[in-house]
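Comments concern the structure below.
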Amino acid sequence: MWQKAGRPRGAAAGGRGAPAARGAMLRRPCFSCRRRRLDPDSQAGRGVRREEEDKASAAARAVMPNIKIFSGSSHQDLSQKIADRLGLELGKVVTKKFSNQETCVEIGESVRGEDVYIVQSGCGEINDNLMELLIMINACKIASASRVTAVIPCFPYARQDKKDKSRAPISAKLVANMLSVAGADHIITMDLHASQIQGFFDIPVDNLYAEPAVLKWIKENIAEWKNCTIVSPDAGGAKRVTSIADRLNVDFALIHKERKKANEVDRMVLVGDVKDRVAILVDDMADTCGTICHAADKLVSAGATKVYAILTHGIFSGPAISRINNACFEAVVVTNTIPQEDKMKHCPKIQVIDISMILAEAIRRTHNGESVSYLFSHVPL
């Protein structure tokens with residue numbers, strides 16, 4: 001570490017030696033090196049500098065005391081990005097399975113009196129990951145953590161949110177009960193399939209929106225965005241689409257679909273005008289991609305010049321990747337609430353928006369007792 005030297009003795013402020021003194025402004029060793037009479041370029045001097053840098057980073061971490069972030073096994077890359085953004089290290093946790101496939105979790109450090117955040121997304125082997133999350137919450141709770149927050153970027157079973165036919169389960173409500181009973185004190189999630197799922201909980205739920213990040217991507221990556229139409233592939237997403245269209249000051253349209261059975265669309269009707277315009281399909285999630293691929297064909301036949309799809313949760317199961325490759329999309333844009341690295345290798349049309357900064361800022365504001373409503377309309381810098 002070096003410091004600027006002051007004016008040499010005998011060099012008056014306006015005297016003859018002043019210009020020379022200013023031109024010869026030397027850099028001198030930091031206080032620690034001077035005190036120990038060390039050459040700052042020696043190995044010992046560099047060790048002292050490293051010590052001081054470590055102290056500085058520890059001071060930065062001291063801004064957020066009593067906080068621990070743990071990652072489940074579903075999306076460790078996102079967890080690491082969140083921790084890096086906050087200047088923290090991920091907590092030590094070991095997850096394994098016994099030979100009979102029971103999940104075992106060992107928290108590797110003390111959480112007594114700590115504000116604990118557990119990041120686990122509802123993707124991959126959903127049932128195993130959900131069970132792992134429940135066990136981690138319970139392990140932290142009975143280890144005397146002061147508060148346990150489940151950060152669930154993609155909420156599992158969110159589509160089973162109502163009793164749409166006889167004897168159908170409301171599985172999202174069941175998951176909410178399980179999280180509460182396990183010991184969760186707070187839930188942070190993103191773009192719930194239906195906002196009413198927040199009402200299934202008796203604990204606070206922060207439902208963050210990917211919309212600000214989506215708006216930023218559209219303005220930065222679509223040159224003709226002022227001559228576009230925002231399209232919802234079903235009537236249920238009309239509210240989401242109108243909000244984005246209002247923010248961009250453009251038109252919107254929606255597609256009415258009739259399903260014969262789950263994951264199969266019978267016919268589609270376009271309501272709105274997309275002729276000679278860029279069409280941007282917006283939805284909260286895409287699973288087998290049958291709906292958005294049919295919608296893209298409908299938009300092209302209605303005269304759209306280009307078709308983009310922007311989705312918060314890209315599940316992409318079954319024939320989804322082959323359907324996207326064969327469809328007429330310019331790009332299919334998803335957030336990283338679900339890992340997309342493997343899918344991007346097989347489908348060059350998939351692009352990813354990073355939302356780790358939104359989740360990290362929500363964690364920081366929650367820990368410090370600040371409002372998170374700023375994140376509903378802004379992307380953190």
Side-chain angles (χ1 to χ4, degrees), residues 123 154 158-162 164-165 191-194 210-211 214 217-218 221-222 224-225 227-245 250-335 337-338 340 343-344 346-353:
C123 57
C154 179
R159 284 177 287 182
Q160 299 182 40
D161 61 337
K162 58 184 177 292
D164 52 358
K165 54 182 179 288
D191 273 351
L192 285 170
H193 189 62
E211 181 181 306
V214 167
W217 189 92
I218 290 173
N221 294 276
I222 301 178
E224 317 94 323
W225 67 268
N227 183 39
C228 74
T229 301
I230 311 296
V231 185
S232 173
D234 57 17
K239 188 176 179 182
R240 184 182 301 107
V241 161
T242 52
S243 174
I244 292 175
V250 296
D251 292 336
F252 73 94
L254 62 88
I255 293 173
H256 174 66
K257 65 183 178 183
E258 295 176 358
R259 287 185 185 273
K260 288 184 290 187
K261 57 184 179 179
N263 292 336
E264 284 190 24
V265 178
D266 187 13
R267 70 188 191 95
M268 297 183 135
V269 180
L270 175 64
V271 182
D273 181 28
V274 295
K275 188 172 178 58
D276 299 326
R277 294 185 183 184
V278 174
I280 303 175
L281 280 162
V282 177
D283 206 356
D284 66 317
M285 66 171 64
D287 189 354
T288 57
C289 292
T291 300
I292 63 165
C293 289
H294 277 112
D297 294 339
K298 187 76 179 175
L299 292 169
V300 169
S301 64
T305 56
K306 293 180 181 176
V307 180
Y308 292 85
I310 301 181
L311 317 156
T312 304
H313 310 297
I315 300 169
F316 300 147
S317 64
I321 297 298
S322 62
R323 283 176 175 173
I324 292 172
N325 283 326
N326 296 328
C328 51
F329 291 113
E330 294 291 315
V332 176
V333 185
V334 295
T335 67
T337 56
I338 294 173
Q340 301 293 345
K343 291 153 191 166
M344 290 172 73
H346 298 100
C347 182
K349 293 181 182 179
I350 295 176
Q351 298 182 29
V352 175
I353 300 172

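These numbers come from a predicted model, not from an experiment. Heavy-atom basis, side chains included; hydrogens, waters and symmetry copies ignored.
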### Message
Surrounding CZ of Phe329 (heavy atoms of other residues, nucleotides or ligands, distance under 6.0 Å), is the total greater than 12?
### Response
yes
Where [X] and [Y] come nearest, the two heavy atoms and their spacing:
{"X": "Ile230", "Y": "Val241", "result": "O-CG1, 3.5 Å"}
{"X": "Cys293", "Y": "Ile324", "result": "SG-N, 4.2 Å"}
{"X": "Lys349", "Y": "Ala327", "result": "NZ-O, 2.5 Å"}
{"X": "Ala320", "Y": "Cys289", "result": "CB-SG, 3.8 Å"}
{"X": "Ile292", "Y": "Ala309", "result": "CD1-CB, 4.4 Å"}
{"X": "Val250", "Y": "Cys228", "result": "CB-O, 3.5 Å"}

### Query
Any sub-3.5 Å donor-acceptor pair from Ser301's side-chain atoms to Asp297's backbone N or O?
yes
### Message
Given 3.5 Å as the limit, does a donor-acceptor pair link the side chain of Arg323 with the main chain of Thr288, or not?
### Response
yes
#### Entry: Within residues 302-314 or reaching into it, pairs that qualify as salt bridge (Lys or Arg N to Asp or Glu O under 4.0 Å) - sequence neighbours excluded
Glu224-Lys306
### Query
Would Ile244 and Val282 count as a side-chain contact (heavy atoms from CB on, under 4.5 Å) if you check the C-alpha gap in whole Å, the side-chain angles of each, and the deciding distance to 0.1 Å?
CA-CA 9 Å; Ile244 292 175; Val282 177; 3.7 Å; yes
What's the spacing between [X] [atom1] and [Y] [atom2] if we round to 0.5 Å?
{"X": "Gln351", "Y": "Asn221", "atom1": "CD", "atom2": "CG", "value": "6.5 Å"}
{"X": "Lys343", "Y": "Ile315", "atom1": "NZ", "atom2": "CD1", "value": "8.5 Å"}
{"X": "Lys165", "Y": "Lys162", "atom1": "NZ", "atom2": "NZ", "value": "10.0 Å"}
{"X": "Lys298", "Y": "Ile255", "atom1": "NZ", "atom2": "CD1", "value": "8.0 Å"}
{"X": "Thr305", "Y": "Lys275", "atom1": "OG1", "atom2": "NZ", "value": "11.0 Å"}
{"X": "Ile280", "Y": "Phe252", "atom1": "CD1", "atom2": "CZ", "value": "15.0 Å"}

### Message
Less than 4.0 angstrom from a charged side-chain N to a carboxylate O is my criterion; do Asp251 and Arg277 meet it?
### Response
yes
### Task
Among Asp191, Ile310, Leu311, Thr312, find the one that has a side-chain contact (heavy atoms from CB on, under 4.5 Å) with Thr335.
Thr312
### Message
Within the 4.5 Å heavy-atom criterion, are Val231 and Leu299 side-chain neighbours or not?
### Response
yes
### Query
Checking side-chain contact (heavy atoms from CB on, under 4.5 Å) for the pair Phe316/Ile321: CA distance, chi angles, key distance, verdict?
CA-CA 7 Å; Phe316 300 147; Ile321 297 298; 4.2 Å; yes
### Query
What's the verdict on side-chain contact (heavy atoms from CB on, under 4.5 Å) for Asp273 and Thr229, showing C-alpha distance, side-chain angles and the deciding distance?
CA-CA 8 Å; Asp273 181 28; Thr229 301; over 6 Å; no
### Task
Check the pair Val334, Val352 against side-chain contact (heavy atoms from CB on, under 4.5 Å), reporting the backbone distance first and the verdict last.
CA-CA 5 Å; Val334 295; Val352 175; 4.2 Å; yes
